[in-house]
> 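Sharing a structure, written as C-alpha cells. Questions coming.
Nothing fancy with the numbering, it's 1 onward along the sequence. As the structure is a prediction and not an experimental result, all values here were calculated from the model. Side chains are part of it too, since the values below use all heavy atoms of this structure and drop only hydrogens, waters and symmetry mates.
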Amino acid sequence: MNIPFRTSLRPLFMTLLAVSAAALVLGRAQAGDEEYFPPVTDPATLSECGSCHLAFPPSMLPTASWKRMMADLQDHFGDDASLDADTTAAITRYLVANAGDASGYRGDILRSLPRGAAPLRITELPKWVHEHDEVSDAEWRAKDVGSKANCPACHVDANKGYFEDD
C-alpha cells in the first residue's frame, strides 16, 4: 500500500502545532520572567490576605520581610489584621517557603536589595520604584487606582501573577 507523503506527515504536523501553541500560552510563566511572580495558591493566605487587598505573590519579598510582617499583624499598615496563632503560623510558613530568596535565588525584583534587608512594602523596592517612575502622583491618587499597592488597577492579570505593562 502506497500512502501519500502529505498524509503520512499530518500527525507530526498536528503534534508540532499543538506543542507550539502550548509553548506560546505557557511561555509567559517561564522561570526568570521578570514580570511573572507565581501567585498565591495557599487557601488560608488567599482568604485572609486577599480579603483586603491583592494576595501579593510571596516571591516579591524576601524571607525576612514576610517574617517581620507576619510578626506585627496588629499594626498592618495602620490596620489590625490580627489572626489566631495557628492561622498566622500557617500563613507565615507558606510565605517564607515561597519568598523571593527562599531557594537562594534572588529574583530580579530583589537583586538590587541589600542582603538582609526586610522591607515591608513591595512599592519601596528599588526595582519596583524604577519600573514605576513614570507614573505621576496624580495617577496614583486617581479614584480607580487609589494607592501604589493596588496592582490590579493597572495590571489586570496581577492575581494570576502577571505584572507586565497593560
> Would a 4.5 Å heavy-atom cut-off, applied to side chains only, mark N159 and P39 as touching?
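No - every pair of side-chain heavy atoms lies 4.5 Å or more apart.
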> Which value, rounded to the nearest 0.5 Å, describes the distance between M60 atom CE and N98 atom CG?
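Here the rounded value is 14.0 Å.
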> For H53 and H76, which heavy atoms make the closest approach, and how far apart are they?
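The answer is NE2-NE2, 3.9 Å.
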> Please state whether the rings of W140 and H132 are parallel, tilted or perpendicular, taking 30° and 60° as the class boundaries.
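Because their plane-to-plane angle lies in the 30° to 60° range, the rings of W140 and H132 count as tilted.
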> Hey, is the main chain of M70 close enough, under 3.5 Å, to the side chain of T92 for a donor-acceptor pair?
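Checking the backbone N and O of M70 against the side chain of T92, no donor-acceptor pair under 3.5 Å is found.
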> For E139 and V145, what are the C-alpha separation, side-chain angles and deciding distance, and is it a side-chain contact (heavy atoms from CB on, under 4.5 Å)?
CA-CA 7 Å; E139 289 173 292; V145 176; over 6 Å; no
> I want to check something: taking the side chain as every heavy atom from C-beta on, are M69 and L61 in contact at a cut-off of under 4.5 Å?
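Yes, at least one pair of side-chain atoms sits under 4.5 Å.
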> Can you check side-chain contact (heavy atoms from CB on, under 4.5 Å) on L110 and L125, steps first, answer last?
CA-CA 7 Å; L110 300 181; L125 296 173; 4.3 Å; yes
> Going by the rule salt bridge (Lys or Arg N to Asp or Glu O under 4.0 Å), which residues pair with K67 if we only count those two or more places apart in sequence or in a different chain?
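With sequence neighbours excluded, K67 shows a salt bridge (Lys or Arg N to Asp or Glu O under 4.0 Å) to no residue whatsoever.
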> For E124, give me all partners under salt bridge (Lys or Arg N to Asp or Glu O under 4.0 Å), at least two apart in sequence or on another chain.
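Once residues adjacent in sequence are excluded, the partners of E124 under the salt bridge (Lys or Arg N to Asp or Glu O under 4.0 Å) criterion are R121.
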> What's the spacing between E48 CD and T88 OG1 if we round to 0.5 Å?
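So the gap between those two atoms works out to 8.5 Å.
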> Mark yes or no for whether D84, through its side chain, and D86, through its backbone, hold a donor-acceptor pair below 3.5 Å.
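Present.
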> With a 4.5 Å heavy-atom cut-off, do W128 and K148 have their side chains touching?
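In contact.
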> If you compare all heavy atoms of A149 against all heavy atoms of T123, which two are closest, and at what distance to 0.1 Å?
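Heavy-atom minimum between the residues: N-CG2, 4.2 Å.
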> Locate the shortest heavy-atom distance separating C151 from A158; write the atom from each residue and the value.
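Closest heavy-atom pair between C151 and A158: CB-CB, 4.2 Å.
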> Could you please spell out the steps behind the side-chain contact (heavy atoms from CB on, under 4.5 Å) verdict for W66 and I91?
CA-CA 10 Å; W66 292 119; I91 292 173; over 6 Å; no
> Using side-chain heavy atoms (C-beta onward) and a distance below 4.5 Å, is P57 in contact with P38?
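No, their side chains stay 4.5 Å or more apart.
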> So which atom in E134 and which in E131 form the shortest heavy-atom distance, rounded to 0.1 Å?
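Heavy atoms only, the tightest pair is OE1-O, 3.2 Å.
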> Return yes if some donor-acceptor pair links the side-chain N/O of H155 with the main-chain N/O of E164 below 3.5 Å, else return no.
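Yes; judged by distance alone, with no hydrogens or angles, the pair exists.
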> Donor-acceptor pair, D157 side chain versus K160 backbone, under 3.5 Å?
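Such a contact is absent between D157 side chain and K160 backbone.
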> Just verifying a value: how many Å separate L120 CG and D72 CG, rounded to the nearest 0.5 Å?
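L120 CG to D72 CG: 8.5 Å, rounded to 0.5 Å.
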> Side chains of S147 and N150: is there a donor and an acceptor less than 3.5 Å apart?
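No pair is found: no donor N or O on one side chain lies under 3.5 Å from an acceptor on the other.
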> Parallel, tilted or perpendicular: which describes the rings of F37 and F163, with under 30° parallel and over 60° perpendicular?
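Correct class here is perpendicular.
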> Could you tell me whether the side chain of C49 reaches within less than 4.5 Å of the side chain of V40, counting heavy atoms only?
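Result no, sub-4.5 Å side-chain heavy-atom pair not found.
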> What is the minimum heavy-atom distance between A55 and L46, and which atoms define it?
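For A55 versus L46, the nearest heavy atoms are CB-CD2, 4.1 Å.
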